[in-house]
Structure formats: structure tokens, C-alpha cells
Amino acid sequence: MTFKELGLAEPILKALEAEGYTHPTPIQEQSIPILLQGKDLLGVAQTGTGKTAAFGIPILHQLYEGISLRQTKRKVKALIVTPTRELAIQISESLTAYGKYTGLRNTVIFGGVKQGKQVNALRGGVDILVATPGRLLDLMNQGFISFRDLEHVVLDEADQMLDMGFIHDIKKIIAKLPPKRQSLFFSATMPKDIVELSRKMLGDFERVTIKPEQATAEKVEQGVYFVSKANKPKLLIHLIKENPENTLIVFSRTKHGANKIVKKLDQAGIRSAAIHGNKSQAARQKALSAFKDGNLKVLVATDIAARGIDVEDLSLVVNYDLPNVSETYVHRIGRTGRANASGTALSFCDKDERPYLRDIEKLIKQSVPRMPEHQFVDEDTPKDTGSQPSQPQRKQGNSRNKNRNRNRPGGNNFRGKNNRNSSRPKKRTDSNRSE
Ligand code: AMP
């Protein structure tokens, strides 16, 4: 299947070609025909699957086809609501790229900055509005936005909106939209509240499901290190220094933890930056831009700040802390291996986090391959570390292993995308599946 076969308008095909998109991803292949028929859609999928283009392209196509009907002043005809500022900016950038030959205009509004520039952009007239819920409701209440001409609405990352406490804002926003519209609802997971919300928002809809296991386990190579809490910084520094060419995101469960990691890396002469909710929007954007441009190799992030962030050629995701909510693991490792690329995710697991690892393995229905032993082992590393029975030294006592590994040049090294070696985590096979 090609984009041309989907019957898209010429200017959109031209833009997709310029982006280097040759074939639609599964979610695009399934969603675009449904949306081009004007139907509502429930998409159970996470970012990284090509979701933005799956909803963005049909909206651009439909607006472009109706362009001759447009009055002189542009009116908001499509609204996309997404939980974080970073995601909103990213969606807006994608729409600009996909729609660059259509003459359609989009703008993005989000909180944490003064509203003046955003209000001016709205006054100038836009076809598509991308927004975070709080600022959107605020500007709606101030009378800066009219949805009288709205034809399409997308609710993106609905489950994260729920987690972030936006559900009431969302309900208020939906209540103010014209009832005759095309509605799209995307969520990575479908807890009860989200099912209810989707029922309220969608009319007669079709459902497309892209399973997280499909999106991650098949493309992302995974590995776990058993390491004590105290040794986590050393292991991280070791991995970065071994492979300085890697671009990596380090996930921390807490904002304070993220700051501490940056400090430790700094002391080791490694430049990094943290993004989390306590950082100003300007600081977050600066760090993210430097990271995307390749000027910053290491980004330390909390889950909320990093969800959905799209960075090309991200070689590695490090779970410095294992998340206590298993779905978060899937979101995190989905930062790498996006669209058709492959990637690697390495997790640090201390003894308190082992129950989290078990939950994750249950969710993804596979065991995360154990990395070979290294000099920073957890004192309580279980004897059965799972996946590499071919290594007899694993069966011996930890202290002996520790000493031997300390003397091993390079210890355990991970080489990143372009530099495969034997210590790279293996994809699951029956022989490396843990008991
Ligand atoms: P998303 O899930 O929308 O955040 O997309 C994840 C990444 O996949 C982004 O870098 C997109 O530019 C890229 N992408 C989306 N669709 C395609 C496609 N059909 N071919 C190649 N890359 C794509």
C-alpha cells in the first residue's frame, strides 16, 4: 500500500515525499481510509506508531478539498487537543510539514507562557488549532476562540490527560463544540473513565488498535541490568562513556531524581539537561531543541515531560528507575524504535524494583533479556538472572563475579545502534526466555 493508493491530494503526496515517507505505517493504513470517509475513529495506539500523520493527513486532505468554500478570513475548522506543551509543538510542526503545499495554516497554544502571541496568531486566522487543555479553555472563556465552523476534533493521548487531571477541562471543551463534527479519540490504554469519555465524544465510530506489544517488543531491543541503587550513577556514566556517540534519554521517576542524575553526570564531565514539570517552558524547549539538533547527547526526563517526544535517531532509552506503572515502560521504550526504525532500551533494576520488572514482563508478555554481569552489580542479584544460560560464570557467587568484571577491560559495553556486539540485549527467543 502506498500513500497514492489512499487517494490523497497531490500537495499532500508531494509533502510526504519530501518527508521521506514512502509507505504508510499500520495505523495510517488502517485509519486514513476510515477518516477520509468522514467517520469517527477510536484509535488505541501510542505515539511512535505514526499516529500524528494518521489523523493529520486526512484532516489536511479534507480541509484542502473544501478550500474553495472558504470565506476570506480563516476559521478554526480542526482542533487537536493534546496533554503536553511538547506534544502540542511537535504536532503543529508535523502538520506544517505535511501541509506545506496546501496553503492551510495551523497554530499552537499552550500554558506556561504569556498568551499575547498566541492570541495574535488566533486573531490572524488559522485553519487548524493545536492546544493543551488548560490554555485552550482559558482562551475560549476569554472569547478569543470560536468553534462555530469546527469540522474535526482530535483528542490525543486521552489516558495521559486523565492522569494529568485534565478530564474536567476536556469535558467542558467538548461540551462547547458543535455536535456535527468528525471526532477522533486516541489513547494508548483504555481504562474505564476513558471508555466512558470516548462514548460521550464519539458518534458512530470505527476502532483501530495497534497493540503496544506490536509497537515495542518487535522493534525495540531490550535489556535489564540488576544494579544497586547506589551504583546506578556509575553504571550510567560507564555506559555513556563507552559509547559517546549515542543519543539517549534517561528516564527518572521523579523530578528531584532527574536533577540528581544531571548533577552526577556533570561531575563526570558529561553534559546533559533535564526536562520535567518544575522547569520553565523556555528551559524545556531549549533542552529539547539542543537534543533534537544533536548538540546535546543526553536528556534526562520524567515521564510526563517526555511522553510522545519524537527524536530522530534516538539510539537508546535508559530506564534509570523502573516505572511502577507497567504501561509507562511501554511508553518510555517507545521513544526509540519509532515508525519503522529499530532501537534499544536498557533498564536499571535494583532489588526494590524487581516486582515492577515482573509486572512489566507480564504486560509485554515476554521476559526482558538480562544483560551480562558488570562491575556494578546489585549485591542481591538473583542467582537466576534469566536469559543467558550459556554463560557459566553467572552461576557463581556475585562477589567473585564482581572482582573478575572489575578487571575486565571495558566491563560490559553496550555499543548502540550502529555498533553491534555480543553484549547487546537479545530479542526474545525461547532460549533466552526467563522462567
Ligand atoms: P508519531 O507516532 O506521529 O509521533 O510518529 C513517530 C515518527 O514516525 C515521527 O518521526 C514521524 O515523522 C515518523 N513517521 C510517521 N509516519 C511515517 C511514515 N509513513 N514513514 C516514515 N516515517 C513516519
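We count residues from 1, following the sequence as given. Remember, predicted model here, so these are calculated numbers, not experimental data. Counting starts at 1 for both ligands and their atoms, in listed order.
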Out of Tyr98, Tyr21, Phe186, the nearest non-hydrogen contact to atom 14 (N) of ligand 1 is supplied by Tyr21
Per-atom contacts, ligand 1 versus Thr52 - under 4.0 Å to a heavy atom
1 (P), 3 (O), 4 (O)
Quick one: do Lys51 and Asp156 make a salt bridge, cutoff under 4.0 Å?
yes
To the closest 0.5 Å, what do you measure between CD1 (Ile275) and CD (Glu86)?
5.5 Å
Decide whether the shortest distance between a heavy atom of His23 and an atom of ligand 1 is less than 4.0 Å.
yes
List every atom of ligand 1 that sits less than 4.0 Å from any heavy atom of Thr49, numbering the atoms from 1 in the order shown and giving each element.
2 (O)
Quick check: does Thr22 get an N/O under 3.5 Å from an N/O on ligand 1?
no
Could you say whether the N/O atoms of Gly50 and ligand 1 ever approach to under 3.5 Å?
yes
Any residue meeting ring pair (Phe, Tyr, Trp, His ring centres under 6.0 Å) with Tyr98, in chain and number order, not counting sequence neighbours:
Tyr21
Can Glu196 and Lys171 be counted as an ion pair, charged N to O under 4.0 angstrom?
no
Within reach of ligand 1, part of Phe55 (heavy-atom separation under 4.0 Å):
neither
May I ask you to check if ligand 1 and Lys51 share an N or O to N or O distance below 3.5 Å?
yes
For Phe3, the ligand 1 atoms with a heavy-atom partner under 4.0 Å come out as 19 (N)
Arg135: which residues meet the salt bridge (charged side-chain N to carboxylate O under 4.0 Å, His left out) condition with it, sequence neighbours left out?
none
Do the side chains of Lys77 and Glu65 get close enough for a salt bridge, i.e. N-O under 4.0 angstrom?
no
Answer yes or no on whether Lys14 is positioned over the face of Tyr101, meaning its NZ or CZ is under 6.0 Å from the six-membered ring centre and within 45° of the axis.
yes
